[in-house]
Amino acid sequence: MAAATDRVGIGWRPEIAAGLYLHLHAFDVIEVVADNYFHATRRELDALKMLARQCPMNLHGVGLGLASVSPVNRGHLDRLARLVGTIEPQAWSEHFAFVRAGGIEIGHLSAPPRTDATSTGAIENIERAARAVGMRPQMENIATLVEPPASTLDEAAWITGIAEASNVPMLLDLHNLYANARNRGEDPMTLLGAMPLDRVTGVHLSGGKWVDAPSGGRRLLDDHLHGPPDEVFVLLTELARRVSQPLTVIIERDGNFPPMDVLIGEMTEARRALAKGRSMRMASPTPSMARAT
Amino acid sequence: MSAIGLEAFLAHLYTDSAFREAFLADPHAACSGAELTAAEIESIVAIDRDGLILAAQSIAKKRESYRRPRARRWWPWRQA
């Protein structure tokens with residue numbers, strides 16, 4: 001069994017909401033995309049609030065673009081703050097990403113140049129967001145097919161610097177980590193070890209597919225349309241082995257939805273991976289493997 | 001100000017296919033006039049072209065998905 005405080009849940013998506021609701025008892029927690037409810041009706045908000053009373057809920061933001069040298073969009077932040085105030089989730093999260101610049105809405109989580117400037121901008125934006133919402137966000141690493149130019153820091157150092165200066169917990173997306181490492185020709189396990197693991201309280205598991213690059217070779221596209229590959233569950237086991245804090249694991253799927261029993265099976269696999277890591281930790285505790293705070 | 005210009009340039013590069021084509025044909029020319037330092041320009045010119053093209057495709061697909069009708073929210077207590 002996983003440690004009693006580890007939890008496994010799923011991303012709530014309208015397309016599969018009926019099936020999810022029928023299996024609500026199977027989820028320790030559900031995660032709802034906050035931005036989908038910024039313009040919800042009162043009845044829809046009441047329904048979401050009722051759902052949050054039936055199953056622990058986290059709200060997941062995708063549109064703040066906190067990792068930017070520009071201040072976070074105030075209107076967007078106010079909408080998120082109102083939603084959090086209405087729903088009262090257990091936690092809320094956002095990304096180490098920028099989503100708009102120069103008057104352009106990118107419409108996708110994008111990696112900014114990893115520099116001292118974007119680090120400072122992210123720290124300031126996280127503080128603005130934490131003040132507005134009244135709760136510090138979990139911050140999630142993103143997948144990127146292109147390494148941001150003009151970067152002076154590597155991904156792990158940049159994320160660690162921001163997370164520590166902001167004193168925020170981390171939502172570690174293990175498929176994003178896996179995809180970035182593979183696309184850079186790095187060892188995913190080494191990248192895992194370089195992350196601020198002592199801050200990880202949440203985990204996302206998703207999948208993707210290999211696509212052909214124009215000049216040859218292949219890249220791993222994190223599309224959230226496939227189940228997590230075996231390597232991601234191995235990373236989860238290693239994470240559970242390395243850290244002592246409880247982990248909340250969310251299976252993320254944005255489309256190409258399989259039957260509900262497949263999704264439940266992925267959750268079972270996640271519980272198995274967690275349990276294996278916790279057992280290994282119990283058998284051979286290595287508390288110093290997590291980064292020192 | 002250059003850091004703001006750099007983010008704006010990347011947002012343009014990722015989302016505007018005509019600008020991206022021009023950049024891929026002549027990166028230095030596409031960077032001229034942008035609010036970028038010389039070092040930033042050299043780094044952008046050396047960008048991973050395959051990664052840029054694939055990232056732009058992924059972004060375009062996501063942007064296109066916003067134009068499709070979204071699934072209706074479903075609540076069991078509305079069925080009664």
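FYI, side chains are in, hydrogens and waters are out, and symmetry mates aren't considered; it's all heavy atoms of this structure. Letters A, B, ... are given to chains in the order of the sequence lines, protein chains preceding strands, and every chain is numbered from 1.
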Residues of residues 22-34 of chain B near chain A, each having a heavy atom less than 4.5 Å away | none
Residues of residues 45-53 of chain B with any heavy atom under 4.5 Å of a heavy atom in chain A =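 So far as heavy atoms go, B:Ile47, B:Asp48, B:Asp50, B:Gly51, B:Leu52, B:Ile53 are the residues that approach chain A to under 4.5 Å.
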Between B:Glu7 and A:Ser68, is any side-chain donor less than 3.5 angstrom from a side-chain acceptor?
-> yes
Where on [X] is there a heavy atom nearer than 4.5 Å to chain B: the side chain, the backbone, both, or neither?
X: A:Ala213; answer: both
X: A:Val211; answer: side chain
X: A:Ser215; answer: both
X: A:Ala143; answer: neither
X: A:Asp212; answer: backbone

Could you tell me which non-hydrogen atom of [X] sits nearest to which non-hydrogen atom of [Y], and how far apart they are?
X: B:Ala3; Y: A:Ala117; answer: CB-CB, 3.9 Å
X: B:Ala11; Y: A:Ala101; answer: CB-O, 3.8 Å
X: A:Ile104; Y: B:Ala8; answer: CD1-O, 4.5 Å

Does atom CZ of A:Arg42 have more than 12 heavy-atom neighbours, drawn from other residues, nucleotides or ligands, at distances under 6.0 Å?
->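 Open: at most 12 neighbouring heavy atoms sit under 6.0 Å from CZ of A:Arg42.
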Does a side-chain heavy-atom distance below 4.5 Å link A:Leu221 with B:Ser58?
-> yes
Min side-chain heavy-atom separation B:Leu54-A:Pro214 under 4.5 Å =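 B:Leu54 vs A:Pro214: side chains touch.
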Just how far is it from atom CD of B:Glu40 to atom OG1 of A:Thr115, taken to the nearest 0.5 Å?
-> 8.5 Å
To the nearest 0.5 Å, tell me how far B:Ile59 CD1 sits from A:Leu109 CG.
-> 9.5 Å
Assert top hit (heavy-atom pairs under 4.5 Å, partner chain B, pool A:Arg100, A:His108, A:Glu147) equals A:His108
Give the member of A:Arg219, A:Glu105, A:Arg13 that has the highest number of heavy-atom pairs under 4.5 Å with chain B.
->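 Heavy-atom pair counts peak at A:Arg219.
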